Amino acid sequence: MTGEVQDITPGSGVLVAVCRERAEGERRVALTPDEVGRLLATGARVRIERGAGSSAGFPDESYALQGAELATDAAAALASADVVLRVAPPGDEEIALLPPAALVLSYLRPLDQPGRVKALAEHGVSALAMELVPRITRAQTMDALSSQANIAGYRAVLVASTHLPRYFPLLMTAAGTVPPAKVLVLGAGVAGLQAIATARRLGAVVSAFDVRPAVREQVESLGARFLEVELAGAAGEAEGGYAKELSQDTQQLQRDLLAEHVAGSDVVVTTALVPGRPAPQLIAADMVASMRPGSVIVDLAAEAGGNCELTVPGETVVRENVTIVGDRNPAAAMPYDASRLYARNLTELLGVCVKDGRVALDADDDVISGCLVCRGGAVVHPAVLERLA
């Protein structure tokens, strides 16, 4: 099967448009000035809505210096665009502004909000969901989930350190010895491994748990202890290295076995996510009550409901004398570097979609087939179709 090609005026180059993100709390931008330069070098044109990069530390002038066109508003930026790059999924008003037949590259939350993909398909655009970029060697430079999770894991430990009323490292002073903080990381994916590394650099004693036994070597290579929690052979690893959802009985067993480790920790960072499903609940309310007063939980799964029963998505609360941080979008709190990494992910993926100055989506390409959610007026991704059924 050959890829369909979208016709573009000869010699004009693909027009790539970027608008200011309008989702609450979203400070990232889909394209940075450096990536504008890379796109222009391929013959593309780039149009940026004024103010799109301001929250991330990229003023309009920096885009203009690289050769981008500046548009006064979203409608002007999107007019006749062949490709639209975004961070947050578009709302209904933003979908209405998209040029029919355009290609959209963005986070889309296709598995938990499939109706948005259906709306995009009905509008006539094609769309690639950044969450579904396959975790294969060829697509590593396009893996936005990993680039943003790296930032989230790093920031989680820094946030915990600001709330914890004690030192992280071991200190030996004339006034006495201060023991190191004990940090527990639940989930050893990209975010978890970065949290482990950051906590270790700050001098904490770190332990980690994951339902996938295969990550033990990575955890130990960072100087942390991998917790042996026997789940009766119920390893939770799905295709592509992601965690899979465990049964309710297995989740309860997991909580019971982790309870002692949670109670003995000063900081717990939770990162457990299952694609397209609510976050597994790892820390029950009674486990929070068992922690020492002043302890901290940073729940990186808050956007999906949270790994802690007492997490309030989008808020930092104190429950049972324990501070629980439920940031919905931690990567957006470090928008400069988050945008730089995400923009590179987008432009690398776009490079697979553009051939000889035209947008070409080859359905036989492993990368495109893995993340193409709608095309030609129809939803085409099997997992999204299953959710819509």
Side-chain angles (χ1 to χ4, degrees), residues 3-23 26 28-53 58 60 63-64 66-108 116-117 119-130 142 144 339 342-361 368 371-377:
E4 297 176 7
V5 175
Q6 175 184 333
D7 291 330
I8 298 174
T9 303
S12 66
V14 172
L15 175 56
V16 179
V18 176
C19 294
R20 178 172 56 84
E21 297 292 327
R22 287 164 169 80
E26 185 55 74
R28 292 171 292 181
V29 63
L31 200 64
T32 59
D34 285 346
E35 296 305 310
V36 168
R38 291 185 70 222
L39 287 178
L40 293 179
T42 69
R45 296 165 53 206
V46 177
R47 186 185 296 149
I48 308 283
E49 180 186 4
R50 288 187 178 276
F58 303 104
D60 292 340
Y63 289 101
Q66 290 290 340
E69 304 169 23
L70 297 179
T72 55
D73 55 28
L78 294 172
S80 303
D82 303 302
V83 177
V84 178
L85 304 182
R86 298 183 50 85
V87 181
D92 292 341
E93 292 182 3
E94 293 168 304
I95 291 175
L97 291 175
L98 295 171
L103 172 64
V104 178
L105 279 65
S106 176
Y107 280 118
L108 294 173
R116 193 191 317 269
V117 175
L120 287 167
E122 290 173 346
H123 190 67
V125 302
S126 298
L128 302 181
M130 297 305 291
M142 312 166 201
S339 297
Y342 182 68
R344 176 56 64 91
N345 296 145
L346 283 175
T347 55
E348 290 288 341
L349 179 57
L350 184 57
V352 181
C353 304
V354 175
K355 305 294 182 185
D356 300 322
R358 298 186 296 176
V359 175
L361 298 178
I368 292 176
C371 59
L372 181 65
V373 291
C374 61
R375 180 184 194 179

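Keep in mind the model is a prediction, meaning the values are calculated, not measured. Keep in mind that the numbers below use all heavy atoms, side chains included, and drop hydrogens, waters and symmetry copies.
Applying the ring-ring contact (aromatic ring centres under 6.0 Å, His included) test to residues at least two apart or on different chains, the pairs with a partner in residues 70-107 are Tyr107-Tyr342.
Residues Ala17 and Leu78 come closest through the heavy atom pair CB-CD2, 4.1 Å. When all heavy atoms are compared, the tightest approach of Pro100 to Val125 is CA-CG1, 4.4 Å. Nearest heavy-atom pair across Leu40 and Arg45 is CD2-CA, 4.1 Å. For the residue pair Leu120 and Pro90, the shortest heavy atom distance occurs at CD2-CG, 4.2 Å. Across every non-hydrogen atom of Cys19 and Ala77, the tightest pair is SG-CB, 4.0 Å. Between His123 and Ile95, the shortest heavy-atom distance links the atoms NE2-O, 3.1 Å.
Side chains of Leu346 and Met130 form a contact here, defined as non-hydrogen atoms less than 4.5 Å apart. Contact check for Leu39 versus Leu350: side-chain heavy atoms found under the 4.5 Å cut-off.
At distances below 3.5 Å, not a single donor-acceptor pair connects side-chain atoms of Gln66 with backbone N or O atoms of Tyr63.
Atom CG of Asp73 and atom CD of Glu49 lie 6.5 Å apart (nearest 0.5 Å). The CZ atom of Arg375 sits 8.0 Å away from the CD1 atom of Ile368 when rounded to the nearest 0.5 Å. Distance check: Leu372 CG to Ser126 OG gives 6.5 Å after rounding to the nearest 0.5 Å.
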For residues 28-38, please give each side-chain donor-acceptor pair under 3.5 Å, one per line with the distance, not counting sequence neighbours.
residue : atom : partner : partner atom : Å
Arg28   : NE   : Glu26   : OE2          : 2.8
Arg28   : NH1  : Gln148  : OE1          : 2.9
Arg28   : NH2  : Glu26   : OE1          : 2.9
Arg28   : NH2  : Asn329  : OD1          : 3.1
Glu35   : OE1  : Arg38   : NH1          : 2.8
Glu35   : OE1  : Arg344  : NE           : 3.4
Glu35   : OE1  : Thr347  : OG1          : 2.7
Glu35   : OE2  : Arg344  : NE           : 3.0
Glu35   : OE2  : Arg344  : NH2          : 3.2
Arg38   : NH1  : Thr347  : OG1          : 3.1
Arg38   : NH2  : Glu348  : OE2          : 3.3

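If you run side chain to side chain contact (heavy atoms under 4.5 Å, CB included) between Val104 and each of Leu85, Val83, Leu98, only Leu98 comes through. Checking Leu349, Val352, Leu108, Val373 one by one against Leu128, the side chain to side chain contact (heavy atoms under 4.5 Å, CB included) holds for a single residue, Leu349.
A salt bridge does not link Glu93 with Arg22: every distance from a Lys NZ or Arg NE/NH1/NH2 to an Asp or Glu carboxylate oxygen is 4.0 Å or more.
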